[in-house]
Amino acid sequence: MSDWVLLGLIAALVVLLLLTVFGFVVYSGLFTEVVVSAGSPPLGSITLAYKFRVGPYGESGQLFTDGCSISSKLCSIGVYYDNPHTVPPEKCRFAIGRILSEGDAKPSEEQIKRFQKYGFKIFSFPAPSHVVMATFPFTTPLSIHLAVNRVHPALDTYIKERKLCAHPRIEIYKEDRIYFVCPLARQGDFYVPEMKELERKSRAAAVEAEDAQTDITGADTMSETSSISMEATTDSRDTSVATSILLPFPASRGREEADNRSEHSYSESGASGSSFEELDLEVTGDGEGAPGLLPDAGYVGNQEATDKWTKEPIAAERGEE
């Protein structure tokens with residue numbers, strides 16, 4: 001009889017443990033409905049102390065811990081610039097830190113010096129005018145993992161369905177809520193200086209690569225053209241010699257035929273040039289041909305937005321200016 005009582009107690013304890021775990025997960029936000037909307041942001045301008053990193057987003061946890069160890073009363077913030085689904089983990093860029101002040105309030109010199117002592121840098125974000133946003137309860141450490149796995153897919157779906165340009169992804173941990181904010185305008189204002197510098201270098205490298213490719217293509221084209229011209233000249237000379245041997249026309253007649261051949265070749269070149277000009281006019285003359293190139297260009301632009309959630313170099317450059 002005592003064995004049955006012992007087994008019953010063990011079973012009851014297991015059930016209570018499972019119920020406790022289930023309750024903890026529910027309390028952390030397991031069944032919380034994720035509502036994504038566009039509108040005014042939940043906060044204004046902010047001044048933050050941050051550390052910038054390039055690498056897997058999983059490394060952000062240590063940076064959050066570093067900020068909390070300096071001041072546990074301040075709100076945490078994370079800014080993620082790249083889409084981890086399309087960008088290799090080792091190339092993802094992000095900034096993690098603490099919010100020193102909001103709105104018109106100024107951070108104290110003591111706070112600034114304390115964070116700078118531990119390698120943090122100070123930067124300010126303006127108040128975004130319009131954003132895509134969502135919130136999630138922040139009741140336990142598990143809430144962070146649930147939020148990441150539930151909110152970001154909802155944001156992706158919302159932005160994709162409405163074809164919006166919303167980036168970077170900003171997470172703000174404030175009291176018992178996690179705010180997910182994606183600016184819809186002036187995204188470059190939310191690029192920290194290190195990110196702007198990387199964007200500038202990336203654009204410069206892209207321009208150099210494009211120029212190098214153009215030079216190589218131009219050299220190949222000129223080489224092919226020269227080869228064709230040499231072959232044509234050689235054939236022409238051979239033909240002239242054979243003709244003069246087989247058909248001994250007067251010198252004046254030979255010069256006239258040579259002139260005719262030269263004129264004919266020049267006309268062919270002119271015709272080719274005319275056709276090329278007409279092609280240019282068809283593409284760019286009335287503006288109707290140009291959109292034919294837009295699908296490829298649009299694809300590249302969309303891919304960059306997807307890769308970077310945001311990466312918009314123009315916006316970043318605008319932010320620098």
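- Note: the hydrophobic cluster containing F52 does not contain Y118 (ILVMFWY, side chain heavy atoms under 4.5 Å, direct or indirect links).
- Cation-pi geometry between R186 and F190 is not met: the NZ or CZ atom fails to fall both under 6.0 Å from the ring centre and inside 45° of the normal.
- R150 contributes a side-chain N or O that, together with a main-chain N or O of L30, makes up a donor-acceptor pair within less than 3.5 Å.
- Distance alone, capped at 3.5 Å, places no donor-acceptor pair between the D82 side chain and the V87 backbone.
- Put simply, the side chain of S76 does not reach to within 4.5 Å of the side chain of I96, judged on heavy atoms.
- Contact of the L48 side chain with the R98 side chain is not registered, since no non-hydrogen atoms from C-beta on lie closer than 4.5 Å.
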**Request:** Could you walk me through whether Q111 and Q116 pass the side-chain contact (heavy atoms from CB on, under 4.5 Å) test, one step at a time?
**Result:** CA-CA 9 Å; Q111 278 184 329; Q116 288 178 335; over 6 Å; no
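- Checked options K51, K121, K201; the residue passing with E194 is K121 (criterion: salt bridge (charged side-chain N to carboxylate O under 4.0 Å, His left out)).
- Figure legend: K196 and Y191 shown without cation-pi pairing, the cationic atom not lying both under 6.0 angstrom from the six-membered ring centre and within 45 degrees of its axis.
- A 4.5 Å side-chain heavy-atom check between L184 and L164 finds at least one atom pair inside the cut-off.
- Between K174 and E102 there is a salt bridge, with a side-chain nitrogen of the basic residue lying less than 4.0 Å from a carboxylate oxygen of the acidic one.
- In summary, of the residues considered (L43, V181, I46), a side chain to side chain contact (heavy atoms under 4.5 Å, CB included) with I77 occurs for I46 alone.
- For CD of E90, the number of neighbouring non-hydrogen atoms (other residues, nucleotides, ligands) closer than 6.0 Å is greater than 12.
- Across all their heavy atoms, P137 and S143 have their closest contact at O-CB, 3.3 Å.
- Hydrophobic clustering (ILVMFWY, side-chain heavy atoms < 4.5 Å, transitive): L142 and I144 are in one cluster.
- Residues P183 and P168 meet the side-chain proximity criterion, which asks for heavy atoms closer than 4.5 Å.
- In summary, the side chains of T140 and S28 do present a donor paired with an acceptor at a separation below 3.5 Å, with no hydrogens or angles considered.
- Taking the ring centroids of Y57 and F94, they lie under the 6.0 Å cut-off.
- No side-chain heavy atom of T47 sits under 4.5 Å from any side-chain heavy atom of I99.
- Side chain of T65 to main chain of G61: a donor-acceptor pair is present (N/O by atom type, distance under 3.5 Å, no hydrogens or angles).
- Counting heavy atoms from C-beta outward, I172 and I178 have side chains that stay 4.5 Å or more apart.
- Atom CG of D189 sits about 11.5 Å away from atom OG of S45, to the nearest 0.5 Å.
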**Derivation and outcome, side-chain contact (heavy atoms from CB on, under 4.5 Å), residues R53 and C92** = CA-CA 8 Å; R53 289 288 185 274; C92 289; over 6 Å; no
**Prompt:** Given K106 and L100, is the side-chain contact (heavy atoms from CB on, under 4.5 Å) satisfied, shown in steps?
**Reply:** CA-CA 8 Å; K106 301 294 183 182; L100 302 181; over 6 Å; no
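- In this structure, CZ on F115 lies 5.0 Å from CD1 on I70, to the nearest 0.5 angstrom.
- A154 and V36 get closest at one heavy-atom pair: CB-CG2, 3.8 Å.
- Residue S40 comes nearest to M133 through the heavy atom pair O-CE, 3.1 Å, listed as atom of the first residue, atom of the second, then distance.
- Looking at V192 and F125, their side chains come closer than 4.5 Å, going by heavy atoms from C-beta outward.
- Taking all atoms of both residues into account, the shortest heavy-atom contact from A166 to I159 is CB-CD1, 3.7 Å.
- Sorted by first and then second residue, the salt bridge (charged side-chain N to carboxylate O under 4.0 Å, His left out) pairs with a member in residues 109-118 read E110-R114; sequence neighbours excluded.
- In this pair, Y50 and F123 present their aromatic rings perpendicular. The plane angle is above 60°, beyond the 30 to 60° band.
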**Message:** Does C182 form a side-chain contact (heavy atoms from CB on, under 4.5 Å) with V131? I'd like the steps, not just the answer.
**Reply:** CA-CA 5 Å; C182 308; V131 299; 5.8 Å; no
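- Taking the six-membered ring wherever Trp is involved, the centroid distance between the rings of Y173 and F64 falls below 6.0 Å.
- V54 has its side chain within reach of L198: a pair of non-hydrogen atoms, C-beta onward, lies under 4.5 Å apart.
- Among Y80, Y158, F180, F136, the single residue meeting the ring-ring contact (aromatic ring centres under 6.0 Å, His included) criterion with H152 is F180.
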